[in-house]
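The block underneath contains the structure these notes are about, expressed in structure tokens.
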Amino acid sequence: MNKRNYLVAFSALFLVTFLFGCTTSVSERDALSQLQELQSKYSVVGGFSSSSASLGEYISDITLLRSKTSGSSEKILTAEIFSAQTFYYLNKAMGLSQTISMDKVSCSSKDVKDAITSITLASKYYSNAIDELSSLSQQEASALRPNQLGSIKGLSETITPIKAFFEEKC
């Protein structure tokens, strides 16, 4: 090979390494295995943790894992993220609601504004979770908790009244 061919080959190798070397793809089997490991690590195997800090870290780690996947495992992880976010923001709204005097709701108070933001996000992520979970095949859904779609749908019974309360008051 002459000098020009080496330069072209080196340039092509550099370009491929630059474009694809920074991201590592995770196989579907490895992604689902890592999902199970994260669920065990954060104690969310049977259901979501009520610890905001733990659940926040879980969402961050799963989002990072999803960024390295594609196809079916990406769909599964997306559904899991939306499900966890729904639970996270619902718990946050419920916690804030306990600090608010419901008789004398001051819509301008920080706690009320934060509760409204949290319940609005819980409602948004609830809709996203339902859409994503409903789009999973039976095999894909089996990678998540049993009846996760039904469990998430059940959160509507808590989200809807809280959201309606704040919409009526503020």
Side-chain angles (χ1 to χ4, degrees), residues 13 15-98 113-167:
L13 182 61
L15 183 61
V16 168
T17 303
F18 178 74
L19 290 176
F20 301 106
C22 295
T23 60
T24 56
S25 182
V26 176
S27 74
E28 187 166 330
R29 188 179 71 197
D30 289 344
L32 296 179
S33 175
Q34 288 179 31
L35 170 62
Q36 289 175 344
E37 289 172 16
L38 289 172
Q39 288 175 334
S40 292
K41 176 181 177 181
Y42 291 104
S43 302
V44 293
V45 173
F48 292 110
S49 171
S50 58
S51 164
S52 292
S54 177
L55 196 51
E57 290 175 17
Y58 174 68
I59 292 168
S60 293
D61 284 354
I62 231 148
T63 301
L64 180 63
L65 175 59
R66 181 187 63 183
S67 72
K68 299 174 185 178
T69 63
S70 62
S72 190
S73 57
E74 183 178 22
K75 284 177 59 177
I76 294 165
L77 292 171
T78 299
E80 177 70 0
I81 291 166
F82 285 144
S83 298
Q85 288 172 320
T86 300
F87 198 79
Y88 175 85
Y89 285 106
L90 176 57
N91 277 346
K92 191 172 179 181
M94 289 173 58
L96 288 165
S97 294
Q98 292 174 355
K113 287 179 180 180
D114 289 347
I116 291 170
T117 298
S118 294
I119 201 62
T120 301
L121 287 170
S123 180
K124 172 188 164 196
Y125 290 124
Y126 167 82
S127 295
N128 292 343
I130 295 299
D131 290 345
E132 289 296 325
L133 289 165
S134 297
S135 75
L136 296 177
S137 70
Q138 190 172 17
Q139 182 179 355
E140 290 168 335
S142 70
L144 297 172
R145 290 164 206 80
N147 194 29
Q148 185 158 332
L149 176 59
S151 297
I152 296 299
K153 281 183 177 179
L155 295 178
S156 174
E157 295 174 12
T158 307
I159 293 170
T160 302
I162 295 172
K163 189 174 180 197
F165 172 81
F166 284 114
E167 285 174 349

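These numbers come from a predicted model, not from an experiment. Worth knowing before you read on, the calculation uses all heavy atoms, side chains too, and leaves out hydrogens, waters and symmetry mates.
For K92, there are no salt bridge (charged side-chain N to carboxylate O under 4.0 Å, His left out) partners two or more places apart in sequence or in a different chain. The side-chain hydrogen bond (donor to acceptor under 3.5 Å, both in side chains) check on Q148 picks up E80, S83, R145, with sequence neighbours excluded.
Nearest approach of A115 to L96, heavy atoms of both residues: N-CD1, 3.5 Å. Of all non-hydrogen atoms in A84 and I59, the two that sit nearest each other are CB-CG1, 3.7 Å. Closest heavy-atom contact between S67 and L64: OG-O, 2.5 Å. Across all non-hydrogen atoms, the minimal contact from A129 to I152 is CB-CG2, 4.0 Å. Between S156 and Y126, the shortest heavy-atom contact is CB-OH, 3.3 Å. Heavy-atom minimum distance, T69 versus R66: OG1-O, 2.9 Å.
Rounding to the nearest 0.5 Å places CZ of F48 at 9.0 Å from OG of S151. Note that CG of L121 is 12.0 Å distant from CD1 of I116, once rounded to the nearest 0.5 Å. Here the straight-line distance linking atom OG1 of T86 with atom CD1 of I81 works out to 11.5 Å at 0.5 Å rounding. Note that CD of E57 and CG of L38 are 11.0 Å apart. Values are rounded to the nearest 0.5 Å. From I76, atom CD1 reaches atom OG of S142 across 7.5 Å, with rounding to the nearest 0.5 Å. S50 contributes atom OG, which lies 13.0 Å from atom OH of Y88 (distance to the nearest 0.5 angstrom).
In terms of modelled atom types and a separation under 3.5 Å, the side chain of S135 and the main chain of E132 share a donor-acceptor contact. With hydrogens and angles ignored, the 3.5 Å screen pairs no side-chain donor or acceptor of S118 with any backbone N or O of Y89. A donor-acceptor pair under 3.5 Å is absent between the side-chain atoms of S33 and the main chain of R29, judged by distance alone. The backbone N or O of T120 lies less than 3.5 Å from no partner atom in the side chain of S123, so there is not a single donor-acceptor pair. Side-chain N or O atoms of S73 include none that pairs as donor or acceptor with a backbone N or O of E28 at under 3.5 Å.
No side-chain heavy atom of D131 sits less than 4.5 Å from a side-chain heavy atom of F82. Put simply, the side chain of L136 reaches to within 4.5 Å of the side chain of L144, judged on heavy atoms. For the pair Q36 and L32, the minimum side-chain heavy-atom distance is 4.5 Å or more.
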